[in-house]
Amino acid sequence: MYLRNAIKLLALAAPGLVASISSAPLSTSGRWIVDSDGNNVTYAGANWPGAAEAMLPEGLQYQSIEYIVGKLKELGMNVIRLTYAIEMIDDIYETGADVSIKTSLITALGETNGTAIFEDIIKNNPTFSENTTRLEVYDAVATECYNQGIYVHLDNHVSKAEWCCSTTDGNAWFGDTYFNVTNWHRGWRYMAEHVKSLPGVKSIGMRNELRSPDDDTALADATYNWDTWYTNMVENANQVHAVNPDLLLFFSGLNYDTTLSPIPTASDLGNGTTFKKTDFAFSDKIVLEIHNYDNSATSCSSLESSLVSDGFDALETDDSDIVNVLPVVMTEFGYLMDNTTHTEVYPTCLKEYLPSVHAGWMIWVLAGSYYIRQGTQDYDETWGLLDHTWENWRSVDAIDNGIIPMVEASLG
Ligand SMILES: *[C@@H]1O[C@H](CO)[C@@H](O)[C@H](O)[C@H]1NC(C)=O
Ligand SMILES: *[C@@H]1O[C@H](CO)[C@@H](O)[C@H](O)[C@H]1NC(C)=O
Ligand SMILES: *[C@@H]1O[C@H](CO)[C@@H](O)[C@H](O)[C@H]1NC(C)=O
Ligand SMILES: *[C@@H]1O[C@H](CO)[C@@H](O)[C@H](O)[C@H]1NC(C)=O
Ligand SMILES: *[C@@H]1O[C@H](CO)[C@@H](O)[C@H](O)[C@H]1NC(C)=O
Ligand SMILES: *[C@@H]1O[C@H](CO)[C@@H](O)[C@H](O)[C@H]1NC(C)=O
């Protein structure tokens, strides 16, 4: 306890001293993510959303970026999954310039509330002003993370900026109402170039939670399959890699990214297509990502075996059925941040399983509240590590007994 407090004080007093991530890119070696010195890197961190209507990283009306990143540091975490909407980049192409945060907040929240939230943001983050753009806020988050020794995993969460996800929200699948594939590739080429000046950004999640586009049953029937997945995901990976060869490229799966089951075994994806790591010129940049929200699980062994068959078997280096040995990261899981839920089967199982297989993870979610979610402004996030005003932990008990031990088991 004494030691932990001493380390906390040191971190608060002189973040520069404890910050230590290299500006060099990451790559993969077998089932490991490795840094440029060949050391294993395991991600242990949290999601920081920014893909809703305001298209801004959440929480800045309550705290400074520096304070929020410092809270992650307090937990010993080493990564954030920072989400963005392709709509932000579409706006840049359509108008020739990024939108200011003030305008974006007014569009999302209305004149009165948007202006008030904007003023609170600049009060907490005085380097921002009326002319600060959305992407400049992303840059400031990524820069502060780098300065405090936190990796940034940039995630394309949605096309149209809104709360994610449902099968009928128009963001579900390639070619869905708002999911213009051309614009998705364009948005990623733009971001791949843009993040070259941000050394904290090491990896990207190409698309969050692909799912059946049930608002368009003809599209779903004709294209919701692994073969279509392969065509679109590989094309995006090729385009990003051509622009920025440093980035790790995370491939998410189907059914809300709960399964990548045919990938580790290189099974037929339909019409004879197979995913083979060796087919990629950049095979040392490929990572798999999986989400899991089996919150009502009653058996850890059955949860573990479904995770293995859903794609964590890519970690199994000595199983001859595994053709594609790759790192696997659980980029979303989460639970109610109260004093008891963390003791249930699902949280305790993941807390034990993910570190035991040296898999990376990001919990959903750091956010204590959202500017707006599903039409409600200042929406309270009961799964947030932070409380409503992003100041303190929502449940000290869950942090001390659920989160910190999981970080220590992964990184210790
Ligand atoms: C990475 O971890 C594996 C398993 O613990 C170990 O065998 C390997 O030596 C590690 N690599 C480095 C560079 O520490
Ligand atoms: C504006 O903010 C106030 C105070 O937070 C809130 O009560 C109100 O519902 C908001 N307006 C809209 C349109 O959500
Ligand atoms: C914002 O930009 C306008 C037009 O370029 C300029 O007149 C104004 O001084 C800027 N405001 C701030 C706070 O920098
Ligand atoms: C996608 O957006 C582009 C503009 O970038 C447009 O030209 C194209 O028609 C759109 N595609 C579809 C299928 O709507
Ligand atoms: C196989 O290819 C045909 C023709 O390109 C396509 O319509 C069909 O959806 C594909 N099937 C699968 C399972 O990918
Ligand atoms: C958790 O327990 C603490 C201390 O007993 C209490 O103050 C707090 O209100 C509880 N938090 C929740 C979210 O139940």
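For ligands, and for the atoms within them, numbers begin at 1 and follow the listed sequence.
- Of all atoms in ligand 2, listed by their number and element, those nearer than 4.0 Å to a heavy atom of N113 are 1 (C), 2 (O), 3 (C), 8 (C), 10 (C), 11 (N), 12 (C).
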TODO: Test S309 against S306 for side chain to side chain donor-acceptor pair (under 3.5 Å), laying out the working first.
DONE: CA-CA 5 Å; S309 60; S306 51; 5.9 Å; no

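- The aromatic rings of F179 and W184 stand perpendicular to each other, their planes meeting at an angle above 60°, with 30° marking the opposite boundary.
- With ring centers used as reference points, F275 lies under 6.0 Å from F280.
- Between F333 and Y335, the ring planes lie tilted relative to each other; the angle falls in the 30° to 60° range.
- Here the two rings, on W188 and Y84, have centers that are under 6.0 Å apart.
- Using bins of under 30°, 30° to 60° and over 60° for the plane-to-plane angle, the ring pair H153/F250 lands in the tilted bin.
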Short N or O separations between ligand 3 and the protein, below 3.5 Å:
unit_1	atom_1	unit_2	atom_2	d
ligand 3	2 (O)	N131	OD1	3.2
ligand 3	2 (O)	N131	ND2	2.2
ligand 3	11 (N)	N131	ND2	3.0
ligand 3	14 (O)	N131	ND2	3.4

